[in-house]
Amino acid sequence: MASTMHLTLVLLCLVVSHAQGSSRVLRWSDDSDVSPSTTSCPSITSGHTNGNKLPLVHRLSPCSPVTGGGAQKKGKPSLQEILHRDGLRLQYLSQVQAATAAAAPAAAPAPSATTPASGLSVPATQNIISSLPGVFEYTVLAGYGTPAQQLPLFFDVSGMSNMRCKPCFSGSSGGETTTTCDVAFDPSMSSSFRSVLCGSPDCGGHSCSAGGSCTFTLQNSTFVFGNGTIVMDTLTLSPSATFENFAVGCMQLDNDLFTDGVAVGNIDLSLSRHSLATRVLNSSPPGMAAFSYCLPADTDTHGFLTIAPALSDYSDHAGVKYVPLVTNPTGPNFYYVDLVAIAINGEDLPIPPALFTGNGTMIDSQSAFTYLNPPIYAALRDEFRKAMLQYQPVPAFGGLDTCYNFTLAENIYLPDITLRFSNGETMDLDDRQFMYFFREHLTDGFPFGCLAFAAAPDQNFPWNYLGSQVQRTKEIVYDVRGGMVAFVPSRCGLR
């Protein structure tokens, strides 16, 4: 096998149908690199679609919108970069959990499953973001204002939609407008723009001057980045999907919050009071999910974000897995599923059920890898290593400590990994979901591979986090009203 074969070739592998025992056989493909079609980007960068489905791309995609008047980094993130960004993401999630737990009058109860009839409970108060939200990975184009100003936006479940607004000033010096303000929301150009007043229910209880605008401060533990104002205007996803009086945090910063240079803000899809998901639930008829998405398989492909998809579209789809959503009081804006067991080659790992049900399993689209409560991960790691004794182990790469050198291995026999949920539903993971293959820092050009799972780093909040790699190849449908999430087999993001 040629030593110059790119990482893309590793990911474009062929899963051979015959298997030995309960293992699958993975064979490297000799196909050449596949680049995104030159006609695929105009539909992504020219504006909204005619329906409620928005093209979704990775921040490093060649199709990702460029802001700031300069060329941004394109290509594939290195493993070191992925692990660094995952660390920032988990740090943010830990801070949110800690702040919520500290504000609770008593110890928060364990997560609880909701019934399909009741759906998830929407928090009564708006969780306006006040600290840096870690990292974002995927962008869409949406319109804000009247007429709609087309803006590249990340999507997340951070608790509040935010946008960089004109005039933009440097968060560090408070000086002149910078070039990053070339792409920002301009309130003066919108006829439907209005500020939210302090004391209004939409202000979310923030301390501000009576009669004035609802303001908030953006900061981390050591530095204040600047102030923002809660405003409302019309969000336009397509001509048939508009939301009047959609609240966002309007920030007069250059690029201190969204440092990746590919977006001017984020659309919140959480369970917070003013999120897009909550607006959909309040305005759509029965039979509609809140949203769904397909994450791109890599930076060379694109997926989609769908707002208010019809549940009937999935009723006859083969292989759909319906899993109950659960409520976690220490993270009420996020989405959790009731994972109760993990199996390797059909055998459940010896893990006490309380380790799953007592901490919750968050569905997170921003972290790449899946992070488990340390005892759960240790059991998975140990059993996985037993099934991989025929391959040469290599030292850990950051938090990925179960890695192998697959030099000269034309066929790789991988164990089956299955996620099991409390309603009896199971989800079998394929190799693209639980293995990460790479060729960084190698001289012979042959792949290394790591189990794409790691131990959750925060012992105070050792939740399980299902990262984006586990979600790839599936459309994830959030039926919040019904209290379910559906994992729909799909080739989304693959060509």
Side-chain angles (χ1 to χ4, degrees), residues 40-58 63-65 119-120 122 136 138-157 161 163 192 232-248 263 265-272 274-296 301-317 320 325 335 363 365 471 474-482 484-493:
S40 64
C41 292
S43 63
I44 294 175
T45 59
S46 61
H48 53 63
T49 63
N50 291 326
N52 59 351
K53 181 180 291 186
L54 286 74
L56 181 154
V57 297
H58 191 274
C63 299
S64 182
L120 290 188
V122 176
F136 300 120
Y138 303 100
T139 65
V140 296
L141 275 174
Y144 198 62
T146 305
Q149 301 174 37
Q150 291 298 307
L151 301 169
L153 300 169
F154 292 110
F155 81 93
D156 189 35
V157 291
S161 298
M163 289 183 188
S192 52
M232 287 189 174
D233 214 321
T234 300
L235 178 69
T236 301
L237 304 179
S238 74
S240 60
T242 61
F243 299 86
E244 296 180 351
N245 297 321
F246 186 78
V248 305
N266 72 285
I267 296 179
D268 177 34
L269 291 169
S270 75
L271 289 167
S272 68
H274 286 298
S275 77
L276 180 55
T278 301
R279 288 291 301 269
V280 170
L281 290 175
N282 291 336
S283 60
S284 63
M288 310 294 286
F291 63 95
S292 75
Y293 57 73
C294 266
L295 300 179
T301 59
H302 64 267
F304 58 81
L305 170 66
T306 305
I307 304 301
L311 293 173
S312 59
D313 291 345
Y314 310 101
S315 59
D316 295 328
H317 199 296
V320 179
L325 288 164
Y335 296 95
I363 307 176
S365 62
Q471 300 174 56
K474 309 288 185 185
E475 179 180 359
I476 317 298
V477 184
Y478 290 77
D479 177 15
V480 180
R481 184 183 286 117
M484 303 289 286
V485 63
F487 297 89
V488 184
S490 173
R491 290 182 58 83
C492 54

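Counting begins at 1 with the first residue of the sequence.
Separating the CG atom in D268 from the CZ atom in F246 is a distance of 7.0 Å, to the nearest 0.5 Å. Here L325 contributes atom CG and R481 contributes atom CZ; the two are 13.5 Å apart, rounded to the nearest 0.5 Å. In this structure, T139 OG1 and L151 CG are separated by 12.0 Å, a value rounded to the nearest 0.5 Å. In this structure, CD1 on I476 lies 7.5 Å from SG on C294, to the nearest 0.5 angstrom. From L235, atom CG reaches atom CG of L276 across 6.0 Å, with rounding to the nearest 0.5 Å. Atom CG in D313 sits 9.5 Å away from atom OG1 in T306 (nearest 0.5 Å).
Between V157 and Y478 there is no side-chain heavy-atom pair separated by less than 4.5 Å. L269 has its side chain within reach of L305: a pair of non-hydrogen atoms, C-beta onward, lies under 4.5 Å apart. Counting only heavy atoms from C-beta outward, the side chains of L237 and N52 never approach each other to under 4.5 Å. By the 4.5 Å heavy-atom criterion applied to side chains, F291 and V280 are not counted as neighbours. Using a 4.5 Å cut-off on side-chain heavy atoms (C-beta onward), V248 and Y144 make contact.
Put simply, the side chain of T278 gets close to the backbone of S272: a donor and an acceptor are under 3.5 Å apart. The backbone N or O of G303 lies less than 3.5 Å from no partner atom in the side chain of Y293, so there is not a single donor-acceptor pair. Between the side chain of T236 and the main chain of T242, no donor-acceptor pair closer than 3.5 Å is present. A donor-acceptor pair under 3.5 Å is absent between the side-chain atoms of N245 and the main chain of M232, judged by distance alone.
Considering all non-hydrogen atoms of both residues, S270 and A277 come closest at O-CB, 3.6 Å. Contact detail for S365 and F155: the closest heavy-atom pair is OG-CE1, 3.9 Å. Heavy atoms only, all atoms of each residue included: L56 and P296 are closest at CD2-CD, 3.4 Å.
For D316, the CG atom is loosely surrounded, since the number of other residues' heavy atoms within 6.0 Å does not exceed 12.
If you check the side chains of S192 and D233, you find a donor sitting under 3.5 Å from an acceptor.
For the pair K53 and F304, the cation-pi criterion (under 6.0 Å, within 45° of the ring axis) is fulfilled.
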Q: Quick one: do V477 and M484 satisfy side chain to side chain contact (heavy atoms under 4.5 Å, CB included)? Show the steps, please.
A: CA-CA 8 Å; V477 184; M484 303 289 286; over 6 Å; no
